[in-house]
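Remember, it's 1-based here, ligands and their atoms both numbered in the order they're listed.
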Amino acid sequence: MTALVFVEHVGGVVDELSLQALTFARGYDDDVEAVAFGGTPAVTGVGTLHVAEIDGYAPQAWARAIASLAPTTVVAAGTDRGNEVLAHAAAMTGGVFAANVVRADGDAVTRQRWGGSLLEEARLHGDVKLMTVAPHAVAIEEAAGEPAVQPFAPELEEADLVARVVERVDTSTGGLSLAEAPVVVSGGRGVGSAEGFASLEELAGMLGGVVGCSRAVTMAGWRPHTDQVGQTGTKISPDLYIPCGISGATQHMAGCKGAKKLLAINSDPEAPIMATADYAVIGDVLEIVPAITAELRRVRA
Ligand SMILES: Cc1cc2nc3c(=O)[nH]c(=O)nc-3n(C[C@H](O)[C@H](O)[C@H](O)COP(=O)(O)OP(=O)(O)OC[C@H]3O[C@@H](n4cnc5c(N)ncnc54)[C@H](O)[C@@H]3O)c2cc1C
């Protein structure tokens with residue numbers, strides 16, 4: 001049996017979560033192939049790399065391309081794209097799809113539910129199995145060996161290209177994405193207003209990071225949804241995560257589990273976020289954050 005891994009990449013550099021999906025697939029099947037879109041990524045440790053000739057992101061078209069390779073097992077990263085494309089591919093192949101899997105052995109899978117707050121044991125009954133791998137559930141193991149690259153032009157239906165990316169708008173983060181930033185300074189309801197984020201922007205800038213936020217903030221219209229961290233936002237894995245005025249709801253924590261260190265700033269010492277914080281400052285975010293920035297400025301002067 002062969003596992004086909006849908007690999008996401010930017011300019012040929014394979015996404016970290018796709019490297020995790022490749023590692024997962026190698027543990028699941030002896031024979032692993034990959035499929036990519038928009039260029040040829042630097043994938044190693046797979047027999048064949050199929051490169052689909054489709055311009056731009058079009059979930060249904062990408063799924064059609066995957067289905068045309070007649071796979072029996074498809075693996076992807078548990079990203080927005082991984083989940084979207086595999087859901088379409090499952091519908092096209094009549095396969096069974098499990099999202100956010102952490103372990104798999106034959107038909108048996110263990111997957112995250114409820115933003116990772118519980119694990120579900122399930123069985124995949126079907127000739128075609130599709131799985132996305134929960135972000136940061138698998139440690140990357142590099143594998144050597146250049147693949148045979150096989151470009152292909154899948155036969156598409158007109159409807160496959162109805163939903164597609166037609167334009168990209170640059171964010172204000174100067175190219176550093178929330179998902180990949182080494183430091184994320186996030187604000188929650190405790191920040192109090194859109195204007196309150198100015199000091200978080202300044203701190204993030206000084207630490208070479210970006211600003212994130214909780215859903216309470218995007219719901220209030222203080223920040224765009226692209227800044228949201230969590231189950232229905234971006235999954236992040238920075239070296240340092242600084243949630244400011246964020247209570248630590250399970251849906252928020254589902255997005256920042258991958259953080260190496262967590263420094264919580266909150267006025268409530270009993271806030272749930274304290275249970276996972278490595279460091280905490282108890283106090284008013286509007287006083288603490290400017291104080292940290294001022295101290296950084298002083299020691300760097
Ligand atoms: C299906 C579903 C999906 C969801 N997805 C997400 C998601 O992706 N991301 C997400 O974040 N949420 C998500 N949520 C919402 C989540 O359940 C919480 O409601 C949300 O995370 C709360 O945001 P918050 O921590 O900013 O606000 P609150 O829970 O209101 O917490 C505010 C915190 O600020 C502290 N505080 C108040 N004033 C100050 C101050 N001056 N200084 C310092 N601290 C202060 C308080 O002590 C409190 O801990 C989802 C919910 C559902 C149902």
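At the top of the distance list for atom 30 (O) of ligand 1, counting protein heavy atoms only, stands Arg189 NE, 2.6 Å. Protein heavy atom closest to atom 6 (C) of ligand 1, with residue, atom name and distance, is Thr232 OG1, 3.3 Å. Here the heavy atom of the protein found nearest to atom 7 (C) of ligand 1 is Gln228 NE2, 3.1 Å. In terms of protein heavy atoms, atom 14 (N) of ligand 1 is closest to Gln251 CB, 3.6 Å. Looking only at protein heavy atoms, the nearest one to atom 42 (N) of ligand 1 is Val285 N, 2.9 Å. Closest protein heavy atom to atom 3 (C) of ligand 1: Arg215 NH1, 3.5 Å. Ranking the protein heavy atoms by distance from atom 44 (N) of ligand 1 puts Ser267 N, 3.1 Å first.
When side chains are defined from C-beta on, Val43 does not count as touching Val5, because their heavy atoms never get closer than 4.5 Å. Using a 4.5 Å heavy-atom threshold, the side chains of Val211 and Arg223 count as touching. Using a 4.5 Å heavy-atom threshold, the side chains of Glu155 and Arg64 count as separate. Contact of the Pro71 side chain with the Thr2 side chain is not registered, since no non-hydrogen atoms from C-beta on lie closer than 4.5 Å. Within the 4.5 Å cutoff, the side chain of Thr232 has no heavy atoms near those of the Gln251 side chain. Using a 4.5 Å heavy-atom cutoff, the side chains of Thr293 and Met206 are in contact.
Contact annotation: for Val229 versus ligand 1, heavy atoms closer than 4.0 Å belong to the backbone alone. Of all the heavy atoms of Ser214, the ones lying under 4.0 Å from any atom of ligand 1 are found in both the backbone and the side chain.
Interface atoms of ligand 1 facing Gly283, defined by a heavy-atom separation under 4.0 Å, are 42 (N), 43 (C). Less than 4.0 angstrom separates some heavy atom of Gln231 from each of these atoms of ligand 1: 7 (C), 8 (O). Those atoms of ligand 1 with a heavy atom of Gly190 less than 4.0 angstrom away are 34 (O), 36 (N), 37 (C), 38 (N), 39 (C), 40 (C), 41 (N), 45 (C). Set against the non-hydrogen atoms of Gly233, the atoms of ligand 1 under 4.0 Å away are 8 (O). Proximity to Ala249 (heavy-atom distance under 4.0 Å) selects the following atoms of ligand 1: 16 (C), 17 (O), 18 (C), 21 (O). Each of the atoms 26 (O) of ligand 1 lies under 4.0 Å from some heavy atom of Gly188.
Distance screen at 4.0 Å: atom 23 (O) of ligand 1 has a protein heavy-atom neighbour inside the cut-off. Under the 4.0 Å distance rule, the nearest protein heavy atom to atom 1 (C) of ligand 1 falls outside the cut-off.
Checked by distance only, ligand 1 and Ala271 stay at 3.5 Å or farther apart across all their nitrogen or oxygen atoms. By the 3.5 Å distance cut-off applied to N or O atoms, Gly245 is counted among the residues near ligand 1.
Of the listed residues (Val229, Leu178, Thr226), just one forms a side chain to side chain contact (heavy atoms under 4.5 Å, CB included) with Thr234, and that residue is Leu178.
For the side chain to side chain donor-acceptor pair (under 3.5 Å) test, no residue two or more places apart in sequence or in another chain qualifies with Gln112. Residues passing the side chain to side chain donor-acceptor pair (under 3.5 Å) test with Arg297, sequence neighbours excluded: Glu202.
Ring centroid separation for the pair Phe37 and Tyr57 does not come in under the 6.0 Å cut-off.
Counting only distance, with no hydrogens or angles, the side chain of Thr48 and the backbone of Ala148 share no donor-acceptor pair below 3.5 Å. Between the Asp227 side chain and the Pro224 main chain, no donor and acceptor come within less than 3.5 Å of each other. In this structure, Asn100 contributes its side chain and Arg111 its backbone to no donor-acceptor pair below 3.5 Å.
Distances from atom 46 (C) of ligand 1 to the heavy atoms of Asn266, Asp268, Asp284, Ile273 put Asn266 nearest. Summarising the contacts of atom 25 (O) of ligand 1 with Ser247, Gly192, Pro272, Ser186, the nearest heavy atom is found in Ser247.
Using 4.0 Å as the threshold, Val217 has no heavy atom nearer than that to any atom of ligand 1.
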